[in-house]
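Here's the structure, in structure tokens; my notes come after.
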Amino acid sequence: MVQPEEKQELQESQIDEMWSYVGNKSQERWLWHAIDHRTGKVLAYTFGLRKDEVFLELKSLLSPFGITRFYTDALGTYKRCLAPEIHVVSKYNMQRIENKHLNLRTRIKRLARKTICFSKSTLMHDIVIGLFINRYEFGILI
């Protein structure tokens, strides 16, 4: 996680969701994550459907950071759940998180759109991706 002295400087975050599936493509599973706009470090992530409730869970994980501006795409969830004065819809300001998506899809074959490597259970899907993020983004060895 972000160190306390960096936490005070954190003001802007990029938030996005990333599609994958469990079992077959009709069983969608979304990785929602937020990164520090300045450094690109992952701040928090969660898994679920592409629904407002899952975003609100991510937003609650971000509340200790005191973020004053969120950069997102034009998904309706963000428009409904973020106040207009702190929400910026921008493709230009989303480049860093889109690059994270590319890296995750390249390194975790379960996230590739056309693959024979997929999870058969939601639990294993979340564990594999969560372990990867914890190891390479947070430096946590489990």
For side chain to side chain contact (heavy atoms under 4.5 Å, CB included), just list the numbers for L43 and I67, CA-CA rounded to whole Å, side-chain angles, deciding distance to a tenth of an Å, and then say yes or no. CA-CA 11 Å; L43 302 173; I67 298 169; 4.0 Å; yes
Run the side chain to side chain contact (heavy atoms under 4.5 Å, CB included) test on E17 and L31 for me, step by step, so that the C-alpha distance in whole Å, both residues' side-chain angles and the decisive distance to 0.1 Å come before the verdict. CA-CA 6 Å; E17 69 288 340; L31 165 64; over 6 Å; no
Which donor-acceptor pairs under 3.5 Å do side chains of residues 58-65 form with protein atoms, sequence neighbours excluded?
from: K59; atom 1: NZ; to: C81; atom 2: O; distance (Å): 2.9
from: S60; atom 1: OG; to: E57; atom 2: O; distance (Å): 2.7
from: S63; atom 1: OG; to: S60; atom 2: O; distance (Å): 2.8

Could you give the side-chain donor-acceptor pairs of residues 121-132 under 3.5 Å, partners two or more places apart or in another chain?
from: S121; atom 1: OG; to: M124; atom 2: N; distance (Å): 3.1
from: H125; atom 1: NE2; to: S20; atom 2: OG; distance (Å): 2.7
from: D126; atom 1: OD1; to: R29; atom 2: NE; distance (Å): 3.1
from: D126; atom 1: OD2; to: R29; atom 2: NH2; distance (Å): 2.4

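Under 3.5 Å, the side chains of T106 and N103 contain no donor-acceptor pair of N or O atoms.
Between the side chain of Q14 and the backbone N or O of I35 there is no donor-acceptor pair closer than 3.5 Å. Side chain of T77 to backbone of K51: no donor-acceptor contact under 3.5 angstrom is found.
Here CZ of F47 is found 10.0 Å from CE of M18. Values are rounded to the nearest 0.5 Å. Atom CZ of R38 sits about 12.0 Å away from atom OG of S13, to the nearest 0.5 Å. Considering CG of N99 and CG of L104, their distance stands at 10.0 Å, rounded to 0.5 Å.
No side-chain heavy atom of H33 sits under 4.5 Å from any side-chain heavy atom of I15. Residues E28 and Y21 form no side-chain contact, since every pair of their non-hydrogen atoms from C-beta on lies 4.5 Å or further apart. The closest side-chain heavy-atom distance from V88 to T72 is not below 4.5 Å.
For residues 67-83, every residue pair satisfying the salt bridge (Lys or Arg N to Asp or Glu O under 4.0 Å) rule, not counting sequence neighbours, is listed here: E12-R69, D52-R80.
Placement of W32 and W19 within a single hydrophobic cluster is found when ILVMFWY residues are connected by side-chain heavy-atom separations under 4.5 Å, directly or transitively.
When the side-chain contact (heavy atoms from CB on, under 4.5 Å) test is applied to E137, the partners found at least two apart in sequence or on another chain are V42, K100, I133. The ring-ring contact (aromatic ring centres under 6.0 Å, His included) search around F70 returns none, not counting sequence neighbours. Remark: R96 pairs with no residue by the salt bridge (charged side-chain N to carboxylate O under 4.0 Å, His left out) rule, at least two apart or across chains.
In this structure, M94 and Y71 approach most closely via the heavy-atom pair SD-O, 3.3 Å. Taking each heavy atom of I86 and L82 in turn, the nearest pair found is CD1-CD2, 4.4 Å.
Ring pair Y78/F55 is perpendicular by interplanar angle, where above 60° counts as perpendicular and below 30° as parallel.
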